[in-house]
Amino acid sequence: MCILAEERIVRELLGRFGLEYRLVSEGESIPGSYWGDPEAGLVGGRLYALPSTPLHSILHEACHWICLDRGRRARLHRDAGGDDAEESAVCYLQVLLADAIPGVGRERLFADMDAWGYSFRLGSARDWFERDAEDARAWLLAEGLIDERDRPTWRVRL
């Protein structure tokens, strides 16, 4: 899939949650980036990225925003914070959202997460997701962000 088509799809996907997606021109710094360029950044209700920002970074930061409670979302600038349970839920949800992007899916996301250096007890992102993520799934279910069949509900945490 070409970058422009993927960009449009990502913009529409994030828009379903009420999150605005803004591309920053190459050579500019990404506002609100926790890790620095080229990683995505969050400021309020906007997610910023460069054309070269990895998709896993865009999805991860978007899922932080989705998983924040209303108060933290309103004050958000760069650091979403949260505890280990929420971080695991963010990782789980980003895998599910990758499946909603034609031509991407969880296989590509697992590979990208592993290449970037996500750290899971079982080693790989796939092994974590398939064998060790029950707590993340339960968190997302309890917050109403996914349904019993692991489908996003297209809502944000209240």
Side-chain angles (χ1 to χ4, degrees), residues 1 6 9-22 30 32-36 38-49 53-158:
M1 173 180 298
E6 193 170 275
I9 292 167
V10 168
R11 184 179 311 281
E12 290 171 4
L13 182 133
L14 300 185
R16 291 182 74 175
F17 292 101
L19 181 59
E20 184 180 343
Y21 179 62
R22 289 204 178 164
I30 297 174
S33 178
Y34 185 83
W35 296 105
E39 302 300 321
L42 287 168
V43 179
R46 292 185 189 101
L47 186 143
Y48 295 91
T53 297
L55 184 59
H56 73 84
S57 177
I58 293 167
L59 292 177
H60 188 83
E61 295 307 315
C63 290
H64 267 299
W65 189 84
I66 293 162
C67 290
L68 290 173
D69 63 47
R70 183 178 302 143
R72 286 174 42 224
R73 205 168 28 255
R75 297 184 307 273
L76 179 61
H77 186 273
R78 186 179 160 270
D79 187 358
D83 57 19
D84 289 342
E86 185 176 299
E87 183 69 30
S88 291
V90 164
C91 291
Y92 195 95
L93 185 57
Q94 82 184 83
V95 171
L96 299 181
L97 292 185
D99 283 342
I101 302 172
V104 177
R106 65 183 61 185
E107 296 306 319
R108 172 178 159 190
L109 196 73
F110 289 148
D112 289 352
M113 291 170 78
D114 291 342
W116 191 86
Y118 285 69
S119 176
F120 297 105
R121 285 186 297 238
L122 297 182
S124 74
R126 172 198 283 281
D127 286 341
W128 167 78
F129 185 85
E130 293 177 352
R131 301 186 357 228
D132 193 33
E134 301 86 14
D135 56 337
R137 183 177 184 275
W139 192 99
L140 291 165
L141 280 166
E143 295 297 336
L145 303 180
I146 63 171
D147 66 18
E148 288 290 334
R149 295 172 62 191
D150 274 3
R151 295 177 304 205
T153 59
W154 308 106
R155 288 182 259 171
V156 297
R157 185 176 174 202
L158 300 177

Applying side-chain hydrogen bond (donor to acceptor under 3.5 Å, both in side chains), can you list everything that pairs with R149, at least two apart in sequence or on another chain? none
Return the set of residues passing ring pair (Phe, Tyr, Trp, His ring centres under 6.0 Å) with Y92 (not counting sequence neighbours), or none when no residue passes. F129
Taking ring-ring contact (aromatic ring centres under 6.0 Å, His included) as the cut-off, I'd like each qualifying pair that reaches into residues 132-158, sequence neighbours left out, listed once. F17-W154
Tell me, please, which residues at least two apart from R106 pass side-chain hydrogen bond (donor to acceptor under 3.5 Å, both in side chains). D99
Sequence-distant partners of D79, salt bridge (Lys or Arg N to Asp or Glu O under 4.0 Å), two or more places apart: none
Who are the salt bridge (Lys or Arg N to Asp or Glu O under 4.0 Å) partners of D135, not counting sequence neighbours? none
So, using side-chain hydrogen bond (donor to acceptor under 3.5 Å, both in side chains) as the criterion, who are the partners of R11 when residues are at least two apart? E7
Those residues at least two apart in sequence (or on a different chain) that pass ring pair (Phe, Tyr, Trp, His ring centres under 6.0 Å) with H60 are H64, Y118
Taken in chain and number order and not counting sequence neighbours, the residues that satisfy salt bridge (Lys or Arg N to Asp or Glu O under 4.0 Å) with E87 are none
Ring pair (Phe, Tyr, Trp, His ring centres under 6.0 Å) partners of Y34, counting only residues at least two apart: none
Pairs satisfying salt bridge (charged side-chain N to carboxylate O under 4.0 Å, His left out), at least one member in residues 110-119, at least two apart: R108-D112
Which residues share a side-chain hydrogen bond (donor to acceptor under 3.5 Å, both in side chains) with R46, sequence neighbours left out: E20
Between A136 and W128, which heavy-atom pair has the shortest distance, and what is it? CB-CZ2, 4.0 Å
